[in-house]
Amino acid sequence: RRLGEGRSTGRRPALCVCALDTELLGHWWHEGVAWLDAVIDEAGAQDVALTRLDEAIARREPAVLDDPLPVTSWGTPRDLSTWDGPAVADFAWRARAAELRVAAAGNAAGERALRELLALQSSDWAFMVTRGLSGDYPRERAAGHAAALDRALASIGSAEAGLRNLAPQLSRTAL
C-alpha cells in the first residue's frame, strides 16, 4: 500500500492529503521538523504507506466532490488574496517573470540565481505587505532579491561570488 491507500469504507482506496507550508517547519515552528519525522514514523507503525501526490494522481484519477472544499490558506479571508490580491499583485507577477527568466537560462543559471529566485518567491514578503507589517522592509527585500537575481543572470559564464548563504542546502539535482 502507499500513502493513504488501503483502509476505506467505500469501494475505492482512500487517499489522505496533508499539505504543509514547509517554510514553517524549522523556521517559525522549530520543532516542526521533529514533528514531521514523528508523523512519518507513526505512519509506518500504523501500516500507512507514504507517496507523493503526483504519484497518487498518476495511479488514479481524482474524484470530484459533490460539495467541493472551500479555498483555504492560513492567511485570511481564506481566498488566497494574501498571496496574490491587489495589494501584492506586483509580487506575484515579479516572481513569475523571474521564474521564467531563470527557466529560460536553463542549466546556465547559476546557484546564485536559483537561490535569489527562492528568496524572491518567499511568501513572507506578500504576507507582510498584506498585513501591513514591517513598513517598507518586505518590498525592499523582494526588490533586492529581484535585482540580485538579475545580476546573477547577467553574469552567466563568469565566476559567481558571494552566495550570501542563501539556501545553503540547495541541490541543483532536485530542480
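FYI, side chains are in, hydrogens and waters are out, and symmetry mates aren't considered; it's all heavy atoms of this structure.
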With sequence neighbours excluded, tell me which residues meet side-chain hydrogen bond (donor to acceptor under 3.5 Å, both in side chains) with Asp150. Arg101
For the residue pair Val33 and Asp37, establish whether any side-chain heavy-atom pair is separated by less than 4.5 Å. no
Is the shortest side-chain heavy-atom distance between Val48 and Glu42 below 4.5 Å? no
Hey, quick one: are Leu118 and Leu120 part of the same hydrophobic cluster, counting side-chain heavy atoms closer than 4.5 Å, chains of contacts allowed? no
Which atom names give the shortest non-hydrogen contact between [X] and [Y], and what distance separates them?
| X | Y | result |
| --- | --- | --- |
| Thr130 | Thr82 | OG1-O, 2.9 Å |
| Ala105 | Leu153 | CB-CD2, 4.0 Å |
| Ala113 | Val102 | O-CG2, 4.5 Å |

His145 and side-chain hydrogen bond (donor to acceptor under 3.5 Å, both in side chains): which partner among Arg115, Glu116, Glu140? Glu116
Expected list for residues 87-100: side-chain donor-acceptor pairs under 3.5 angstrom, two or more places apart:
| residue | atom | partner | partner atom | Å |
| --- | --- | --- | --- | --- |
| Asp90 | OD1 | Arg139 | NH1 | 3.4 |
| Asp90 | OD2 | Arg139 | NH1 | 2.6 |
| Arg96 | NH1 | Glu99 | OE2 | 3.0 |
| Glu99 | OE1 | Gln121 | NE2 | 3.3 |

Is it true that atom CG of Asp41 has more than 12 heavy atoms of other residues, nucleotides or ligands lying nearer than 6.0 Å? yes
With rounding to the nearest 0.5 angstrom, report the CZ to CG distance, Arg59 to Asp54. 9.5 Å
Parallel, tilted or perpendicular: which one describes the rings of Phe127 and Trp83, with boundaries at 30° and 60°? parallel
